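Numbers restart at 1 for each chain; the letters A, B, ... are given by sequence-line order, proteins then strands. Quick caveat, the model's predicted, so the values are computed rather than measured.
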Protein chains: 2
Amino acid sequence: MRATSQTVGGEIRTPRERARAQTIADIIRLGRQHLAEHGAAALSLRAVARDLGVVSSAVYRYVGSRDELLTLLLVDAYNDLGDTVDAAVGSVPAEESRGRFAALARAVRGWALREPARYGLLFGSPVPGYQAPAERTTAPGTRVVNSLVEILNAAHRAGRLAERGPSSLPVPLAADLEAIRRELNVEVPDALLARGTLVWTSLFGAVSFEVFGQYGAGTFSAPDELFEHHIAVLADLAGL
Amino acid sequence: MRATSQTVGGEIRTPRERARAQTIADIIRLGRQHLAEHGAAALSLRAVARDLGVVSSAVYRYVGSRDELLTLLLVDAYNDLGDTVDAAVGSVPAEESRGRFAALARAVRGWALREPARYGLLFGSPVPGYQAPAERTTAPGTRVVNSLVEILNAAHRAGRLAERGPSSLPVPLAADLEAIRRELNVEVPDALLARGTLVWTSLFGAVSFEVFGQYGAGTFSAPDELFEHHIAVLADLAGL
DNA sequence: CAAAGTCAAGAGCAGTGCTCTCAATTGTTG
DNA sequence: CAACAATTGAGAGCACTGCTCTTGACTTTG
């Protein structure tokens, strides 16, 4: 098989390529539907083919394998979440770091509750036998955490990030944090960066518990208020 | 592992029941192996039957359906985790609440890293089409959080739980917390109970990120130190 | 000893991912 | 415009899945 759609930079030239791109887009759209309705592990290429009005083998002309479709949907979901978060964060003035953080958190939770199956694909147990190709998923997969780090860094630059925690951390951990600081080009000190990591994972922990139904059924009748409480505490924790 | 068969009180009388209970135990053991190796969604009754040296339909004499086997494994895993946590917490003197909390957290993480697939079954995305029967899973499923609440309550009783947070919370949230307090028979005040909830979900958020590989590959070369840091911050957060 | 209860095996149904071949359509090019 | 080649869809087929049903054999019990 040659250049599976030889558009070098993304432009579509020949009508064949147009049709091909359109078919792939349709497959992703239908796959997204199936994913949302039946979950990741139940995603079936044959079912997508049926909805597309085509025999199953024909779909293999476009996606190659079920895993590749999963990758497509993974990237699609990461970007959808990323767009949602970016929009929410962007709607709050850059100086209001705490507000930006709250917007980020609410956006993540809102998206997760709206799209539980896709959220599960991104942050739930890995699909058995499937390994996401790093070169295609890392970039979209780091958008949220990048946004969070950006908020922390902006607050730090403005001198509005409270100092928290011990001034020095265990050497190996400090080394990891230094690498992160270099990679993301930020200047947040160790203690706050470590706390930021905890805030990050805590946010997704709280959301996951709610989305995956880990709270006992009916334990929290006011999940919104609980989450707002968590946002406030986590913002404090981060130093915002 | 107790009498998973239909012996009313748990006692096994006839040799038939003995054999039956033994077979079910074998099925659970093999199921646990498959679960650990291939993950929850890939758990196959036929494969278990093969390992048992028996044709697939024969297994249905004992478990009824794939979902029931999943429930059996779910309860099995919850209890395994619960036992691990109880043992770890119990090895620290009752007065050392902070130490008990640290032991609980380390036990959860250790078990999760040792048994990633089983952890995924418990705390990952729900298996599509499978709904855990509450009457059989709630009791074993709440052991860890019960242990955590117990630690908080003991510290509170001893007057060693620092006061944190606002004195009053939104009404609906306060009502939920009151219900929890009644249900679990504890006396921890609202603000600390709410924070305890956050600490609880945060713990599993941190563990899930590590187990599910959400940190970029190679981002943290010192995950132990990172987790110890998290423990310390979360213990502070809880008021321990 | 015979009836009742239990069990494993096998066939079969509907579904899955995936591969291969073959014919037809379609776009490009001489 | 016609011939060629690339692309596509259909269909058959393989090995697998969960699950059901029937059949024959076995074990326990009355």
Atom [atom1] of [X] to atom [atom2] of [N]: distance rounded to whole Å?
{"X": "A:Leu45", "N": "D:dG9", "atom1": "CG", "atom2": "P", "result": "14 Å"}
{"X": "B:Arg50", "N": "C:dA9", "atom1": "CZ", "atom2": "C1'", "result": "16 Å"}
{"X": "A:Glu68", "N": "C:dG17", "atom1": "CD", "atom2": "P", "result": "14 Å"}
{"X": "A:Tyr60", "N": "C:dT21", "atom1": "OH", "atom2": "C1'", "result": "17 Å"}
{"X": "B:Arg61", "N": "D:dT20", "atom1": "CZ", "atom2": "P", "result": "12 Å"}
{"X": "A:Leu43", "N": "C:dG17", "atom1": "CG", "atom2": "P", "result": "8 Å"}
{"X": "B:His38", "N": "D:dT17", "atom1": "NE2", "atom2": "P", "result": "10 Å"}
{"X": "A:Arg20", "N": "C:dT26", "atom1": "CZ", "atom2": "P", "result": "17 Å"}

- Message: Pair B:Val144, B:Tyr78 - check side chain to side chain contact (heavy atoms under 4.5 Å, CB included), show working.
- Response: CA-CA 9 Å; B:Val144 173; B:Tyr78 269 132; over 6 Å; no

- Return yes if the base of C:dG15 and the side-chain atoms of A:Arg46 contain a donor-acceptor N/O pair under 3.5 Å, otherwise no. no

- Query: Does the base of D:dA10 carry an N or O that pairs as donor and acceptor with the side chain of A:Ser57 under 3.5 Å?
  - Reply: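 Such a pair is found, so the answer is yes.
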
- With respect to B:Asp80, which candidate in B:Arg118, B:Arg32, B:Arg114 satisfies the salt bridge (Lys or Arg N to Asp or Glu O under 4.0 Å) definition? B:Arg118

- Sugar-phosphate, base or nothing in reach of A:Ser65, heavy atoms under 4.0 Å: sugar-phosphate

- Message: Using a heavy-atom cut-off of 4.0 Å across all strands, would you classify B:Val55 as base, sugar-phosphate, or nothing?
- Response: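 Since a base atom lies under 4.0 Å of B:Val55, the category is base.
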
- Task: Please lay out, stage by stage, how A:Arg66 and A:Val127 fare under the test side chain to side chain contact (heavy atoms under 4.5 Å, CB included).
- Result: CA-CA 12 Å; A:Arg66 199 196 88 118; A:Val127 181; 3.8 Å; yes

- Hey, are B:Glu178 and B:Arg181 close enough for a salt bridge, meaning a charged N less than 4.0 Å from a carboxylate O? yes

- Can you check whether B:Ser44 has a side-chain N or O nearer than 4.0 Å to OP1 or OP2 of D:dG18?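 B:Ser44 to D:dG18 OP1/OP2: side-chain N or O found under 4.0 Å.
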
